Amino acid sequence: MASSGTAYLLLDVAGTPCALPRAAVAEVLPLPDLHAPPAIGGWLTGFLNLGGTPVPVIDLAALLGLRAAPSPADLYAHLVLVRGEAVAYRVDRAADLVTVPEAAIRPAGEAGTLNGCVAAELVLGERLVHALAPDRLLTAQERARVAAHARAAAERLAALPDPA
């Protein structure tokens with residue numbers, strides 16, 4: 001009989017152990033060079049060109065207030081593309097994919113919820129891992145602004161002649 005549990009992608013976000021539900025993750029990529037137009041800033045670090053479509057890249061540590069400014073790229077950094085959203089989150093490392101038994105998943109308390117983005121706490125041996133709720137990471141206003149920047153990046157790309 002298969003054990004019940006939920007699959008999570010474990011992440012290192014500025015030294016804070018976090019996780020995203022596996023069902024919310026479309027793809028994990030090594031951190032490529034990003035296009036960073038001068039008009040962006042803060043936690044929006046640039047755009048990934050994914051098949052000719054600019055995908056906004058958000059530094060998850062800066063967004064959650066775990067780091068004051070986006071960190072420079074390093075060897076272990078990854079992009080996590082979220083299923084059903086045109087956005088990628090930059091993390092310090094996508095560490096592992098694990099199945100967490102239901103008994104090891106507990107509701108998050110009000111304290112330490114990383115701006116309300118933590119849906120649950122995962123008890124993994126001696127570690128406590130913040131399970132993030134992808135739908136809570138950006139507010140509606142933040143989503144609208146990120147989408148506007150993505151449209152502007154797509155328009156800039158479309159204005160260039162095709163080199164082929």
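Please read these numbers as outputs of a predicted model, since none were measured by experiment. Computed over heavy atoms, backbone and side chain alike; hydrogens, waters and symmetry mates excluded.
To the nearest 0.5 Å, atom CG of residue L122 and atom OG1 of residue T6 are 9.0 Å apart. Summarising the geometry, atom CG belonging to L9 is positioned 8.5 Å from atom CG belonging to D96; distances are rounded to the nearest 0.5 Å. Between E155 atom CD and R151 atom CZ the span is 8.0 Å, to the nearest 0.5 Å. Atom CG in L20 sits 8.5 Å away from atom OH in Y89 (nearest 0.5 Å).
Summarising the geometry of L11 relative to A94, their closest heavy-atom pair is CD2-CA, 3.9 Å, with the distance given to 0.1 Å. Contact detail for V91 and V13: the closest heavy-atom pair is CG1-CG2, 4.2 Å. Nearest heavy atoms, A88 versus V55: N-CG1, 3.9 Å. The shortest heavy-atom contact between R136 and V118 is NH1-O, 3.2 Å. The minimum heavy-atom distance linking L34 with L31 is given by the pair CD1-CD1, 4.3 Å.
Between R83 and V25, every side-chain heavy-atom pair lies at or beyond the 4.5 Å cut-off. No side-chain heavy atom of D12 sits under 4.5 Å from any side-chain heavy atom of P17. In this structure the side chain of T53 never reaches within 4.5 angstrom of the side chain of F47, judged on heavy atoms. The shortest distance between side-chain heavy atoms of L64 and L137 falls below 4.5 Å. Within the 4.5 Å cutoff, side-chain heavy atoms of L10 are placed close to those of R127. Residues V100 and L124 have side chains in contact (heavy-atom distance under 4.5 Å, counting atoms from C-beta outward).
The same ILVMFWY cluster, assembled from side-chain heavy atoms under 4.5 Å apart, contains both L66 and L63. Placement of V98 and V80 in two distinct hydrophobic clusters is found when ILVMFWY residues are connected by side-chain heavy-atom separations under 4.5 Å, directly or transitively. The hydrophobic cluster containing V28 also contains I58, counting ILVMFWY residues as joined when their side-chain heavy atoms lie under 4.5 angstrom apart, directly or transitively. Both V82 and L44 belong to a single network of hydrophobic side chains, linked directly or stepwise wherever heavy atoms of I, L, V, M, F, W or Y lie under 4.5 Å apart.
Between the side chain of R22 and the main chain of Y8, no donor-acceptor pair closer than 3.5 Å is present. Side-chain atoms of E142 come within 3.5 Å of backbone N or O of T139 as a donor-acceptor pair. Side-chain atoms of T45 come within 3.5 Å of backbone atoms of V57 as a donor-acceptor pair (strictly under, hydrogens ignored). A donor-acceptor pair is defined here as one N or O able to donate and one able to accept, closer than 3.5 Å; no such pair exists between the side chain of R90 and the backbone of H78. Here the side chain of D59 pairs a donor or acceptor atom with the backbone of A61 at under 3.5 angstrom. Checked by atom type and distance alone, the side chain of H130 never pairs as donor or acceptor with a backbone atom of C18 at under 3.5 Å.
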Please evaluate residues H35 and N49 with respect to the criterion side-chain contact (heavy atoms from CB on, under 4.5 Å), reporting the C-alpha separation (whole Å), side-chain torsions for both, the decisive distance (0.1 Å), and the verdict.
CA-CA 8 Å; H35 170 67; N49 185 340; over 6 Å; no
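By the 4.0 Å N-to-carboxylate-O rule, R143 lies close enough to E85 to be salt-bridged with it. For the pair R67 and D92, the salt-bridge criterion is met [side-chain N within less than 4.0 Å of a carboxylate O].
Annotation: Q141, atom CD; neighbour count of heavy atoms from other residues, nucleotides and ligands within 6.0 Å does not exceed 12.
Listed by chain and residue number, P54 satisfy the side-chain contact (heavy atoms from CB on, under 4.5 Å) test with A154 (two or more places apart in sequence, or in another chain).
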